[in-house]
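For clarity, every value in this text was computed on a predicted model and none was experimentally measured. The analysis underlying the following values was restricted to heavy atoms, covering all of them including side chains, and did not include hydrogens, waters or symmetry mates.
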Amino acid sequence: MLTAASAVTGLILPTGMAIAQAAPAVSSPAQSGNAGHYRFRVGDISATVLSDGLIGGPPRVYASDAPEAELQEVLRRTFLPTDRLTLNLNTLLIETNGRRILLEAGAGQTMGPQGGRIFDNLAAIGLRPEDIDVVVVSHTHPDHVGNLRTADGGKAFPRATIFAPRADWNFFVRNDPDLSYMPVPEDFRRNFAAAIKRSVEPVTNGIELYEAGAEIVPGLTTLPAFGHTPGMANFFVQSGGDQLLLTADLAYHPIVNVDRPWTPGPDRDKDTALASRRRIFDMAAADRLLVLGFHYPFPGLGRILKTDTAYAWVPVNWQF
């Protein structure tokens with residue numbers, strides 16, 4: 001079971017889902033010696049997956065319409081625990097035209113003490129938070145914006161311009177969002193909403209709000225992927241003939257949302273989210289795109305195949 005870090009006050013569910021009310025100082029203690037970064041290229045663009053650690057919760061949260069017996073059997077057959085689904089936090093750093101652009105800020109410890117590792121992983125590749133020029137978030141859930149704030153309330157990426165989708169900013173930040181659709185206890189929902197507002201406080205002045213479909217910089221375009229949140233975007237990175245699709249929270253785990261067509265419980269508008277998932281997964285399969293799943297097992301890179309009943313996730317071979 002997760003326990004809250006000493007500096008964090010948060011809700012811990014019996015199954016291990018956590019949401020905290022404060023962000024980490026800057027980094028969390030390093031774990032064993034396993035790599036938390038993975039380098040590759042998209043044409044002329046240098047790309048590095050940077051792990052921010054792990055979150056997780058009851059499998060039912062991420063597969064809300066799965067028959068219980070079938071869900072349990074699928075988890076057992078794929079050697080996964082039946083009481084908790086672990087999700088990775090795969091942010092992506094791209095370096096292009098002399099700028100360092102971070103796609104997704106990560107959770108920090110807003111959703112449990114196993115997040116907040118992005119800063120250690122930046123250091124492992126010789127970079128500091130001050131070296132990041134742009135941060136673009138796909139949507140404003142805490143696991144995507146939590147690292148924007150340091151524990152003392154400052155900007156975690158002090159030089160960076162922050163981009164967020166306008167519809168999400170209006171729903172989650174400028175208003176008190178109705179989160180009754182989320183299949184979690186009410187106190188979790190309250191802390192979830194508070195964690196969003198707290199995380200983005202340092203960047204409210206100067207925030208750049210975008211409409212999904214906008215180009216952020218040459219080679220980086222946002223794609224509408226509405227449903228999970230009002231304004232969620234996916235990211236499309238292109239250089240020469242190489243392409244990379246980042247699918248944000250279209251799916252949480254390939255076992256339950258790609259290989260099986262089960263619905264993520266946190267999707268606000270489930271019909272719209274399903275349409276977005278099918279449209280973008282169909283595109284990824286048809287164009288044989290390289291895909292990065294934010295919550296997929298690290299480093300989260302692979303491809304999507306179309307099957308008779310749903311899709312199939314095929315991880316890429318590790319490159320040294």
Side-chain angles (χ1 to χ4, degrees), residues 19 55 57 61-65 87 89 91 102-107 110-111 134-149 161-184 186 188-201 203-216 220-236 245-252 257 262-283 292-295:
I19 183 159
I55 59 172
V61 171
Y62 309 110
S64 62
D65 57 350
L87 306 178
L89 300 164
T91 71
L102 184 65
L103 302 179
E104 311 289 23
T110 59
M111 297 190 70
V134 175
V135 179
V136 192
V137 298
S138 64
H139 62 293
T140 59
H141 279 179
D143 50 325
H144 295 256
V145 300
N147 276 324
L148 293 176
R149 176 192 177 111
T161 301
I162 312 299
F163 288 79
R166 184 182 304 277
D168 267 35
W169 195 264
N170 290 339
F171 182 77
F172 289 104
V173 180
R174 288 180 172 155
N175 294 291
D176 292 324
D178 178 5
L179 303 182
S180 58
Y181 62 90
M182 296 183 68
V184 292
E186 177 58 31
F188 187 99
R189 296 173 193 157
R190 286 195 299 269
N191 288 343
F192 189 94
I196 294 172
K197 293 181 187 295
R198 181 175 175 83
S199 296
V200 302
E201 276 180 357
V203 303
T204 298
N205 293 329
I207 190 77
E208 293 283 347
L209 300 178
Y210 68 83
E211 305 287 347
E215 181 182 68
I216 303 298
L220 172 61
T221 304
T222 60
L223 303 176
F226 309 139
H228 181 64
T229 66
M232 190 177 83
N234 281 185
F235 301 130
F236 191 72
L245 172 67
L246 287 76
T247 56
D249 285 8
L250 277 185
Y252 279 100
N257 305 133
W262 294 328
T263 301
D267 286 351
R268 179 173 179 264
D269 182 336
K270 291 177 172 51
D271 290 340
T272 300
L274 176 60
S276 294
R277 191 157 44 250
R278 287 175 173 169
R279 170 175 50 84
I280 293 174
F281 281 6
D282 283 350
M283 178 185 72
L292 174 60
F294 181 70
H295 288 301

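- With N175 contributing its side chain and N170 its backbone, the two residues share a donor-acceptor pair below 3.5 Å.
- Other residues, nucleotides and ligands contribute at most 12 non-hydrogen atoms within 6.0 Å of the CZ atom of R278.
- Separation of atoms OG (S276) and CZ (F281) is listed at 10.5 Å; rounding is to 0.5 Å.
- Two rings, from H295 and Y62, have their centers 6.0 Å or more apart.
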Test log, rule side chain to side chain contact (heavy atoms under 4.5 Å, CB included), inputs T110 and S199
CA-CA 8 Å; T110 59; S199 296; 3.7 Å; yes

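- Across all their heavy atoms, A164 and W169 have their closest contact at CB-CE3, 4.1 Å.
- The two residues A105 and V135 come nearest to each other via the heavy atoms CB-CG1, 4.1 Å.
- Looking at K270 and D65, no side-chain N of the basic residue comes within less than 4.0 Å of a carboxylate O on the acidic one, giving no salt bridge.
- With sequence neighbours left out, T229 forms a side-chain hydrogen bond (donor to acceptor under 3.5 Å, both in side chains) with D168.
- Under the 4.0 Å criterion applied to side-chain N and carboxylate O atoms, R189 and E186 are assigned as salt-bridge partners.
- When atom types are taken as modelled, the side chain of R268 and the backbone of Y181 share no donor-acceptor pair closer than 3.5 angstrom.
- Judged as a side chain to side chain contact (heavy atoms under 4.5 Å, CB included), and not counting sequence neighbours, the contacts of N257 are A251, Y252, P264.
- Nearest approach of G231 to A167, heavy atoms of both residues: CA-CB, 3.7 Å.
- Between the side chains of D249 and H141, no donor-acceptor pair of N or O atoms lies under 3.5 Å.
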Go through it in stages, so that I can follow the logic: the residues are L245 and L223, the test is side chain to side chain contact (heavy atoms under 4.5 Å, CB included), and I'd like the CA-CA distance, side-chain angles, deciding distance and then a yes or no.
CA-CA 9 Å; L245 172 67; L223 303 176; 3.8 Å; yes

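- Taken from CG in N205 to CD1 in I162, the straight-line distance is 12.5 Å, to the nearest 0.5 Å.
- When atom types are taken as modelled, the side chain of D143 and the backbone of A107 share no donor-acceptor pair closer than 3.5 angstrom.
- A donor-acceptor pair is defined here as one N or O able to donate and one able to accept, closer than 3.5 Å; no such pair exists between the side chain of R149 and the backbone of E201.
- For the pair E104/F235, a side-chain contact is recorded, criterion being any heavy-atom separation below 4.5 Å from C-beta on.
- Atom CD1 of I280 sits about 4.5 Å away from atom CG of L250, to the nearest 0.5 Å.
- The line from OG1 of T91 to CG of L102 is 5.0 Å long, rounded to the nearest 0.5 Å.
- Of all the heavy atoms in T272 and D269, the pair that sits closest is OG1-OD2, 2.9 Å.
- Scanning both residues, L179 and F172, for their nearest heavy atoms gives CD2-CE2, 3.8 Å.
- N234 contributes atom CG, which lies 7.5 Å from atom CE of M283 (distance to the nearest 0.5 angstrom).
- Within the 3.5 Å criterion, the main-chain N or O of S64 finds no donor-acceptor partner in the side chain of T263.
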Side-chain donor-acceptor contacts of residues 209-216 below 3.5 Å, not counting sequence neighbours, with atom names and distances?
from	atom 1	to	atom 2	distance (Å)
Y210	OH	V137	O	2.7
E211	OE2	R166	NE	2.9

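- Minimum interatomic distance between T222 and A233 (heavy atoms only, all atoms of both residues): CB-CB, 4.1 Å.
- The distance from the NE2 atom of H144 to the CZ atom of F294 is 4.5 Å, given to the nearest 0.5 Å.
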